[in-house]
Amino acid sequence: MGEIVFQNTLSGRKEAFTPLHAGDVRMYTCGPTVYDFAHIGNFRTFVFQDVLRRFLRARGFRVRQVMNLTDVDDRIIQNAAAAGAGIREYTDRYIQAFLEDMRLLHLEMPETLARATDHIDDMAALVAQLLENGFAYRSDGSIYFRIARFPCYGALSKMDFSGIQAGARVDVDRYEKDDARDFALWKEHKPGEHFWETRIGPGRPGWHLECSTMALKYLGPTLDFHTGGVDLVFPHHENEIAQSEAATGQPFVRYWLHAEHLLVNGEKMSKSAGNFYTLRDLFARGHRPSAIRFLLASVPYRRQLNFTFEGLEQAASSVERLRNFAARLREARLADSGAPDSGAPFAPRIVEAEARFEAGLEDDLNTAQALAAVFDLVREINTAIDRGEFAAADAAAALAFLGRFDAIFAVLGGDDLETLRALGYAESGAPLADDDVAARVRERREARQRRDFEAADRIRRELAERGIILEDLKDGTVRWKRT
RNA sequence: GGCGCGGUACCCAAGAGGCCAAAGGGGGAGGUCUGCAAAACCUCUAAUCGUGGGUUCGACUCCCACCCGCGCCUCCA
């Protein structure tokens, strides 16, 4: 297998990947702010980081990933207060929803899921350290990071701050800062607002603090990967670098990877714009988790992805094609065609397809290219099966490759309809049991044998209404599947 | 204005000097198979790869200019 390269935001270039510690990958992912349900724009980024960690794991790396859950910020404090709930109570609900969404989209669980409010003391300790070594200062009850002490500031976002003169006392908002660029590490306690009593005094953490704190705590001073959406490059990640490196004196992150935005009608999907869909919105319209995941994963992460329902339906068709193929392979393997034992003529082609699949992913997770390799093989094998030139041995190998494909894309497994039904989104009532379907299939076969096609078609129609699709195969047997 | 990502067929999208008279998916048209379907397969569906210059033996791919979309520069995946 070839070298893996990633586009590193810090250098602005593609760089070959080698982990800091051989065989061991440490990655941090900016998770959701749990003041509401996450929307599919958010999940675009989460699917991307999931593909990344799955790919790395498939390559044999041990992955240790931390994802934060931001359960304290201005909105949460306001919303919780408005709802007459505690912060914890208020955010619990959205955390549960987020975890459920993760499961539905087949997002692997990070090794550590870290809740900000569980780390207040750790954050205070980090701030105390920054106060001690002169990178932070107190002003009007709040504590700020002193950018002037950190010359590399702006390296990630490539922003030029020379226009803003350091040292001048600038009045921004209601805060008193020494320098307009300085950002809040710790916000003063205001009457009536939620606060924590800590070694650095009462108050609440600034936005950026939690990520630095939890990353350093669980992963050490230097991480291999830090992922998030492009909108986090500035100021969030820039500030994380400042805080972390000021505290440790060591490079914080080796590879910064940022996912481009999901657009809707050509505009960024966002809560504030109101142009967003949650997973639940899409489920309610009958769309499936596998199609959503496929859509989000199929466009390489560094490209903006314009979300449309047409696109979602196209993704569903693609998944269907792959699932049909998998079903066909399983049959081919069982059937053991009895063809003259010609070994496994497709073996070289499968190896080749897999190499192309891997090469796509190695190139900065080019999922579109990886998928092309898969679909090419699908077509070739389908053709061979049609011609009766496909051996059982090949089916096993193809199925194994498909398994490796799905270890990354995770769209073949699971019963979408069951999932939706369990959540109360599926249209039809109780699913038909396998035995019942089999009985009706038998009934239909008898009808067909006496050439009573009217009765046969009626049964097929009835089953279709219950979400069962029948396929008459050449050998007279019937394959069926649930839609 | 600064920084960044884009503009490739009806839709999504790969490719980034010759292997491209441009992958793959979806859709559409025709056909094969079938009692009918479904699935699958076959054929067709890009001759300005945003526009105009330039470099080169050769450019979708490099350079310059311009036009258009999106994002960040304030909370945001």
Side-chain angles (χ1 to χ4, degrees), chain A residues 7 9 12 29-33 35 38-49 70 73-75 154 156-163 172-173 207 227-236 238 258-263 265-273 276 294-295 298-308 310-325 327-328 356 360 363 366-387 448 451-454 456-457 460-461 464 469-474 478-481:
Chain A
Q7 174 79 19
T9 307
T29 296
C30 278
T33 302
Y35 70 106
H39 58 66
I40 55 170
N42 299 319
F43 282 111
R44 202 271 166 109
T45 302
F46 297 133
V47 167
F48 144 65
Q49 60 79 30
T70 301
D73 81 335
D74 291 348
R75 285 165 304 191
L156 183 71
S157 55
K158 282 141 191 82
M159 299 222 292
D160 180 9
F161 293 92
S162 57
V172 178
D173 297 331
W207 173 32
T227 68
V230 283
D231 50 355
L232 297 185
V233 173
F234 188 87
H236 186 52
E238 198 73 72
H258 291 99
E260 257 299 346
H261 285 137
L262 184 80
L263 310 181
N265 292 326
E267 305 269 307
K268 174 182 171 183
M269 178 175 285
S270 73
K271 281 284 158 56
S272 49
F276 62 91
F294 186 93
L295 176 65
S298 62
V299 176
Y301 76 95
R302 291 183 55 260
R303 282 187 72 108
Q304 294 177 338
L305 193 172
N306 190 26
F307 174 83
T308 60
E310 190 190 355
L312 186 53
E313 275 150 29
Q314 292 181 359
S317 300
S318 299
V319 172
E320 191 60 22
R321 179 167 168 78
L322 292 171
R323 289 189 174 193
N324 285 336
F325 177 64
R328 232 183 159 192
R356 197 148 72 90
D363 185 10
N366 190 332
T367 48
Q369 205 167 70
L371 283 171
V374 174
F375 279 108
D376 271 336
L377 186 69
V378 168
R379 180 174 23 74
E380 287 169 34
I381 290 181
N382 270 328
T383 302
I385 294 176
D386 278 1
R387 291 184 184 153
R448 289 180 76 207
R451 301 195 69 79
D452 180 356
F453 295 122
E454 212 170 296
D457 289 348
R460 177 159 57 202
R461 250 192 328 272
I469 301 292
L470 303 185
E471 296 177 22
D472 296 322
L473 304 184
K474 272 190 182 139
V478 173
R479 170 168 62 204
W480 62 270
K481 63 184 179 186

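Just so we're clear, the structure is a prediction, and the values are computed from it rather than from any experiment. Here is how names work: the chains are called A, B, and so on, in the same order as the sequence lines, proteins then strands, and each is numbered from 1.
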When rounded to the nearest Å, what value does the distance between [atom1] atoms of [N] and [M] take?
N       : M       : atom1 : result
rC41(B) : rU34(B) : C1'   : 14 Å
rU51(B) : rC60(B) : C1'   : 14 Å
rG24(B) : rG15(B) : C1'   : 11 Å
rA46(B) : rG28(B) : C1'   : 16 Å
rA29(B) : rC73(B) : P     : 46 Å
rU55(B) : rA59(B) : C1'   : 10 Å
rA9(B)  : rC44(B) : C1'   : 13 Å
rC11(B) : rG58(B) : C1'   : 33 Å

Any base atoms under 4.0 Å from [X], or only sugar-phosphate, or nothing? Heavy atoms, all strands.
X         : value
Thr33(A)  : sugar-phosphate
Leu262(A) : base
Thr308(A) : nothing

[X] [atom1] to [N] [atom2], straight-line distance once rounded to whole Å:
X         : N       : atom1 : atom2 : answer
Tyr301(A) : rG4(B)  : OH    : C1'   : 14 Å
Leu295(A) : rC11(B) : CG    : P     : 17 Å
Leu322(A) : rA39(B) : CG    : P     : 14 Å
Arg303(A) : rC12(B) : CZ    : C1'   : 10 Å
Leu305(A) : rG7(B)  : CG    : P     : 13 Å
Ile381(A) : rA40(B) : CD1   : P     : 14 Å
Arg302(A) : rA13(B) : CZ    : P     : 15 Å

Minimum heavy-atom separation for Ala315(A) to Phe294(A), with atom names?
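Looks like CB-CD2, 3.8 Å.
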Taking all atoms of both residues into account, what is the closest heavy-atom pair of Cys30(A) and Leu232(A), and its distance?
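That would be CB-CD1, 3.6 Å.
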Taking side chain as C-beta onward, heavy atoms only, is [X] less than 4.5 Å from [Y]?
X         : Y         : value
Thr33(A)  : Lys271(A) : no
Leu156(A) : Phe234(A) : no
Asn382(A) : Val378(A) : yes
Val230(A) : His261(A) : yes
Asp472(A) : Arg448(A) : yes
His258(A) : Gln7(A)   : no

If we call it a pair only when both distances are under 3.5 Å in a Watson-Crick or G-U wobble match, what pairs with [N]?
N       : answer
rA46(B) : none
rG6(B)  : rC68(B)
rC19(B) : none
rG1(B)  : rC73(B)
rC36(B) : none
rG58(B) : none

Hey, does the side chain of [X] come within less than 4.0 Å of [N]'s phosphate (OP1/OP2), counting only N and O?
X         : N       : value
Asn366(A) : rG15(B) : yes
Thr383(A) : rC42(B) : yes
Asn324(A) : rA39(B) : no

Would you say Asn366(A)'s side chain and Gln369(A)'s backbone share a donor-acceptor pair under 3.5 angstrom?
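Checking the backbone N and O of Gln369(A) against the side chain of Asn366(A), a donor-acceptor pair under 3.5 Å is found.
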Ignoring hydrogens and geometry, is there a side-chain-to-backbone donor-acceptor pair from Glu471(A) to Val478(A) under 3.5 Å?
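Flag not set: sc Glu471(A) to bb Val478(A) has no pair under 3.5 Å.
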Restricting to pairs with a member in residues 373-383 of chain A, which pass salt bridge (charged side-chain N to carboxylate O under 4.0 Å, His left out), not counting sequence neighbours?
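Found Arg349(A)-Glu380(A), Arg356(A)-Asp376(A), Asp376(A)-Arg379(A).
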Start with the C-alpha distance between Thr227(A) and Gln49(A), add both sets of side-chain angles, then the distance that settles side-chain hydrogen bond (donor to acceptor under 3.5 Å, both in side chains), and finish with yes or no.
CA-CA 7 Å; Thr227(A) 68; Gln49(A) 60 79 30; 5.3 Å; no
Treat primed atoms plus P, OP1 and OP2 as sugar-phosphate and everything else as base, then score nucleotides 69-75 of chain B 5' to 3': B for base contact with protein heavy atoms under 4.0 Å, S for sugar-phosphate contact only, - for none.
BBSSS-S
Which letters describe nucleotides 23-37 of chain B, given B = protein heavy atom under 4.0 Å from base, S = only from sugar-phosphate, - = neither?
BSBBS-----S-BBB
Starting at the 5' end of RNA chain B, which residue's closest nucleotide do you reach first, Leu232(A) or Val378(A)?
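That would be Val378(A).
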Report the residue (Arg387(A) or Pro300(A)) whose heavy-atom-nearest nucleotide on RNA chain B is the more 5′ of the two.
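Result: Pro300(A).
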